[in-house]
Undergrad: 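Quick one: the structure is below, questions incoming.
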Amino acid sequence: MRQVSQRAQAVRPSATLQASQRARDLQASGIDVINLGLGQPDFPTPAPIKAATVQAINADQVDGYTATPGIAPLRQAVADRMAATQNVRVTADQVVVTTGAKMALYTLFQVLLNPGDQVLLPAPYWVSYAEQVKLAGGTPVDVAPTASLKVTSAQLEAAVTPKTVAIVLNSPQNPSGLVYTAEELQAIGDWAVQHDLWIVADEIYGDLVYDQAAPVPSMLTLDQTIVDHTIVINGVSKTYAMTGWRIGWAIGPVDLMTTMTRALSHMTGNTAAVSQAAAVAALTQDQAPVGEMKRHFQERLDTVYPLVTALQGFELVHKPQGAFYLFPDVAQAMALKHCATTEDFVNRILDEAHVAVVAGEAFGLPHHLRISYATDLVTLREALARLATFMKTTD
Ligand code: PMP
Ligand code: GLU
């Protein structure tokens with residue numbers, strides 16, 4: 001047998017992408033599956049963004065390679081949005097544009113980690129962090145959740161070792177939709193600074209928050225010592241319904257961004273010029289479409305939250321405040337259905353209720369399900385009705 005690397009062998013496929021592919025395959029075979037597995041806005045990219053992109057194509061502006069860290073207007077637009085939304089000053093050379101936030105995270109771990117270095121991942125966490133850390137030769141370290149599903153500095157203190165290099169903090173959080181307050185971020189930031197760790201702050205859902213007027217605080221709004229240890233990850237995928245355009249970015253200290261750029265010059269060269277033009281339009285045009293999409297997400301959350309909590313054996317203590325996911329504890333529901341693993345439970349829901357969701361294991365927390373509400377209200381109500389019938393049916 002010819003060799004593939006141990007690194008590659010150790011990597012698990014993305015559970016979110018896999019769950020959705022399974023749903024698509026079943027749909028293709030004629031089964032009416034509702035896909036609540038994938039985390040992507042169901043809205044089209046706003047028309048003015050598309051129009052500006054078409055114009056850039058027709059003006060021959062997007063035909064060539066670009067600078068590796070992104071075109072200057074895009075790096076500046078990212079910096080300007082940080083000023084507008086968070087009142088934070090960053091310079092364009094602190095911004096590196098990548099092929100989605102996923103690539104920003106991947107590249108970052110490549111440049112931060114030596115073999116065996118540890119990265120603290122407070123559970124629940126997004127599925128790709130642990131695999132990306134492994135691909136970079138590092139070791140992901142799960143930090144068990146509190147009842148609130150938000151990590152505290154005391155828990156981090158119990159998990160830190162001399163090998164720890166970084167912590168990943170995601171707020172609003174995928175899969176729970178929970179949001180850290182400025183005080184909570186400050187406490188974790190102070191703790192990370194004490195240990196001289198990097199803070200990877202994944203703020204990709206930062207614009208999608210509900211039930212509150214104030215924006216979610218960015219890690220970059222905190223003390224300068226914390227800012228000096230922080231790399232913010234963001235992108236256009238969620239805020240502007242642009243998942244397919246693949247534009248994300250990292251914001252961090254200039255030296256580190258220069259190192260990331262050097263690595264990227266051998267990896268992607270640059271991300272697609274046409275998508276960069278689209279991202280400039282997204283960030284600089286009227287932001288009204290974002291507010292409109294947010295209103296829909298809020299309405300959906302308000303509709304599905306009580307329906308999920310009413311499901312037999314589903315427990316959801318806190319109403320999510322951001323992103324577009326619910327992450328109920330389903331330990332009792334699994335017992336009612338005699339399912340030993342969350343994976344079994346998810347498969348039965350798919351086979352019997354024809355609803356696709358993702359098992360909590362991939363997020364570091366078994367006995368939970370991730371339900372995405374990034375779909376229309378009629379479909380969501382139908383999915384929840386199917387789940388209610390499934391739970392009422394005795395085995
Ligand atoms: N971080 C989190 C928490 C996510 O849910 C996602 C999902 N796409 C990403 C990063 C990556 O986003 P993208 O690559 O589409 O920018
Ligand atoms: N981040 C989204 C999710 O969690 C998209 C899929 C992925 O990239 O993993 O579902």
Side-chain angles (χ1 to χ4, degrees), residues 11-24 35-42 45 70 74 78 95-109 119 121-133 149 168-180 200-209 216 219 231-251 264 267-268 271-272 275-276 278-279 282-283 297 320 322-327 346 356-365 368-375:
V11 164
R12 292 175 298 182
S14 161
T16 47
L17 297 180
Q18 207 175 31
S20 300
Q21 189 54 48
R22 207 159 151 228
R24 273 197 292 264
N35 185 3
L36 305 185
L38 188 61
Q40 80 170 333
D42 54 318
T45 299
L74 179 51
V78 171
V95 179
V96 172
V97 176
T98 54
T99 310
K102 197 176 261 187
M103 191 64 179
L105 287 158
Y106 178 84
T107 314
L108 187 60
F109 293 129
V119 178
L121 301 181
Y125 46 75
W126 181 47
V127 296
S128 288
Y129 301 145
E131 305 310 309
Q132 292 186 336
V133 168
L149 299 189
V168 181
L169 211 58
N170 173 216
S171 175
Q173 193 185 62
N174 176 4
S176 71
L178 294 175
V179 171
Y180 283 80
V200 180
D202 184 344
E203 300 180 355
I204 189 122
Y205 296 100
D207 291 312
L208 299 177
V209 274
V216 173
M219 208 75 197
I231 306 101
V232 158
I233 303 294
N234 209 330
V236 296
S237 283
K238 317 290 176 175
T239 310
Y240 299 100
M242 292 177 70
T243 50
W245 297 81
R246 311 306 302 126
I247 293 285
W249 52 80
I251 307 174
L264 278 165
M267 292 159 72
T268 50
T271 191
S275 296
Q276 294 189 59
L283 292 167
F297 283 131
F324 32 64
Y325 310 106
L326 304 153
F327 196 58
V346 163
V357 292
V358 189
E361 272 92 345
F363 302 91
L365 203 53
H368 286 70
L369 294 185
R370 192 190 74 171
I371 301 172
S372 163
Y373 57 85
T375 191

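Both counts, for ligands and for their atoms, begin at 1 and track the order of listing.
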Undergrad: Using atom types as modelled and distance alone, determine if a side-chain donor or acceptor of Q173 lies under 3.5 Å from a backbone N or O of G322.
TA: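 No, Q173 side chain to G322 backbone: no donor-acceptor pair under 3.5 Å.
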
Undergrad: Among protein heavy atoms, which sits nearest to atom 5 (C) of ligand 2, and what does the distance come to when rounded to 0.1 Å?
TA: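 Protein heavy atom with the smallest distance to atom 5 (C) of ligand 2: G39 O, 3.7 Å.
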
Undergrad: Run the numbers for me: atoms of ligand 2, each under 4.0 Å from some heavy atom of S14, listed by number.
TA: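 In order of number, 9 (O).
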
Undergrad: Checking contacts here: is it the side chain or the backbone of V358 that comes within 4.0 Å of ligand 2, counting heavy atoms only? Could be both or neither.
TA: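 The answer is neither.
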
Undergrad: Specify the protein heavy atom at minimum distance from atom 9 (O) of ligand 2: its residue, its atom name, and the distance to 0.1 Å.
TA: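 Ranked first by proximity to atom 9 (O) of ligand 2 is T16 OG1, 2.6 Å.
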
Undergrad: Compute the minimum heavy-atom distance from Q18 to ligand 2 and say whether it is under 4.0 Å.
TA: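 It does not, in that no heavy atom of Q18 comes within the 4.0 Å cut-off of ligand 2.
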
Undergrad: Heavy atoms only, cut-off 4.0 Å: how does N174 contact ligand 2, side chain, backbone, both, or neither?
TA: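 Just the side chain.
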
Undergrad: Just do the side-chain hydrogen bond (donor to acceptor under 3.5 Å, both in side chains) check on T99 and T271 with the steps written out, would you?
TA: CA-CA 5 Å; T99 310; T271 191; 3.2 Å; yes

Undergrad: Got the closest protein heavy atom to atom 4 (O) of ligand 2, with its distance?
TA: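 Protein heavy atom at minimum distance: R370 NH1, 2.8 Å.
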
Undergrad: List in chain and number order the residues that pass salt bridge (Lys or Arg N to Asp or Glu O under 4.0 Å) with D42, two or more places apart in sequence or in another chain; answer none if no residue qualifies.
TA: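 Salt bridge (Lys or Arg N to Asp or Glu O under 4.0 Å) check on D42 returns R300.
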
Undergrad: Test your reading of the model: is there a side-chain donor-acceptor pair from T239 to the backbone of D207, 3.5 Å cut-off?
TA: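 No: the side chain of T239 does not pair with the backbone of D207.
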
Undergrad: Output the set of protein residues with a heavy-atom contact under 4.0 Å to ligand 1, ordered first by chain identifier and then by residue number.
TA: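 Those residues closer than 4.0 Å to ligand 1 by some heavy atom are G100, A101, K102, W126, Y129, N170, N174, D202, I204, Y205, S237, K238, R246.
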
Undergrad: Hey, are W249 and T98 close enough side-chain-wise for a donor-acceptor pair under 3.5 Å?
TA: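 No - no donor-acceptor pair under 3.5 Å links their side chains.
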
Undergrad: Does N234 reach the main-chain N or O of E203 with its side chain, forming a donor-acceptor pair under 3.5 Å?
TA: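 Present.
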
Undergrad: Quick one: do D202 and Y129 satisfy side-chain hydrogen bond (donor to acceptor under 3.5 Å, both in side chains)? Show the steps, please.
TA: CA-CA 10 Å; D202 184 344; Y129 301 145; 2.6 Å; yes

Undergrad: Run the ring-centre check on Y325 versus F363 and record whether the distance is less than 6.0 Å.
TA: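 Not close enough - the centres of the two rings lie 6.0 Å or further apart.
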
Undergrad: At less than 4.0 angstrom from any non-hydrogen atom of K102, what atoms of ligand 2 do you find?
TA: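 Reading through ligand 2 atom by atom, the close ones are 7 (C), 8 (O), 9 (O).
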
Undergrad: Quick one: does ligand 2 sit under 4.0 Å from the side chain of Y325, the backbone, both or neither, non-hydrogen atoms only?
TA: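 Answer for Y325: side chain.
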
Undergrad: Answer yes or no: is there a donor N or O on one side and an acceptor on the other, between the side chain of Q18 and the main chain of P13, under 3.5 Å?
TA: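 Pair absent, no side-chain N/O of Q18 close to backbone of P13.
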
Undergrad: Distance check, rounded to the nearest 0.5 Å: L365 atom CG versus R370 atom CZ?
TA: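 Result: 13.5 Å between the selected atoms.
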
Undergrad: Tell me whether the rings of F327 and H368 are parallel (<30°), tilted (30 to 60°) or perpendicular (>60°).
TA: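 Rings of F327 and H368: parallel, as their planes differ by under 30°.
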
Undergrad: Using distance alone, decide if ligand 2 has a nitrogen or oxygen within less than 3.5 Å of any nitrogen or oxygen in Y205.
TA: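 There is no such contact.
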
